[in-house]
Amino acid sequence: MKPAMKRIAILGSTGSIGQSALAVVDAHPDRLQVVALAAGENAELLASQIAQYKPRIAAMATGAAVDRLRQNGSTAGVTIADTGRDGLVSVATHVDADVVLCASSGTEALEAVLAAIDCGKTIALANKEVLVMAGALVTEAASRRGATILPVDSEHNAIHQCLHGRSLAEIRRLVLTASGGPFRGRTAAELAAVSAADALKHPTWRMGRKITVDSATLMNKGLEVIEARWLFGVRADQIDVVIHPQSVVHSMVELVDGSIVAQLGVTDMRLPIQYAFSYPERWGGPLPPIDLARAGRLEFEAPDTAAFPCLRLAYRALEAERSLPVVLNAANEVAVARFLDGRISFNDIPVVIERSLDAHRPAEVTTLAAVRAVDTWARAFSQDVAGTVELKL
Ligand code: MG
């Protein structure tokens, strides 16, 4: 029997995850078909993706990007959606899409993910900000609608694999592994003068700029702790982080009897993306298996939250729940953008975030409008804080 074709929509098709997803589609042309693509500003690459995959609908972030898209190739037969969040919604809810891969960075795709859930689509979630901002809203909508959210983030994808067929009652804790980033082992004093260029040199994973800086501060792991809480329905004190520089063990689950189940694999995002696309099946693939003898030593150590306070701040936000994770995420985005522009120092990133958390009075965020209102407040407040920090440089 011919296998059923899964029809894929990709939010963020020109980014690192989006391109890896298209490589997975290329490897399985008999099982995966691209029907909808959304990109930010990279019109040249989206034009070539449209030529190759012939989606029914495509969207870009801005009108200027759409103009460049039309100059770069034919869009005949392709519906060009509105720009901005509306375009993401149109792509994510296209009637032909079965699975929506959310691989755009930041929080622009929140409405689109909720709209796709409302349509009953399966969400392959590579974006962690969506769950950090609106974890309760998104997971409640998914369970109400019976929509599945499949994690693509490598750690959560690993945990999803380790949990396969187990009940929550068997689980003592989840253990997220972290590479430690390019500054592992350094003290806070040694981190004072590191530059954006230094932070962008990640030892094991090749990713976008924002997430690479988040990996250097350990905020990426902090956001992943919050993401894990919502994806797997566990408490903050059931989620641990261990530094594992080789990034061979993608994450682990400790069971109530003390057994630990781990998932190991090559550091290539095509592996988790393919698992999310194939789930509940598992397909063969083009990636080589991991060569354990060549991998050699696997090391584990505790994270240093004195040098990397962002991880501690993420736990603080998660334990407070309500609106604090929204503030954490927004302040982090503001601080990282300022750091990438060379306007604040590496060690000022957690300062901006912590002052924003301190200034915020936690509130319930049970609607999208409430989430966006806290987000707007936090961005404005953290811009001001970053401005005062900036003057010290
Ligand atoms: Mg990850």
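The analysis underlying the following values was restricted to heavy atoms, covering all of them including side chains, and did not include hydrogens, waters or symmetry mates. When a ligand or atom number is given, it counts from 1 through the structure's own listing order. Predicted, not measured: the structure shown is a model, and the values here were computed from it.
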Would you call the rings of His156 and Phe232 parallel, tilted or perpendicular, where under 30° means parallel and over 60° means perpendicular?
-> parallel
Go through the side-chain N and O atoms of [X] and [Y] and say whether any donor and acceptor fall under 3.5 Å apart.
X: Gln71; Y: Asp67; result: no
X: Asn329; Y: Lys128; result: no
X: His250; Y: Gln161; result: no
X: Asp198; Y: Ser195; result: yes

Protein-side N, O or S atoms sitting under 2.8 Å from the Mg ion (ligand 1) are Asp153 OD1, Glu155 OE1, Glu224 OE2
Side chains of Met219 and Ile353: does their closest heavy-atom pair fall under 4.5 Å?
-> yes
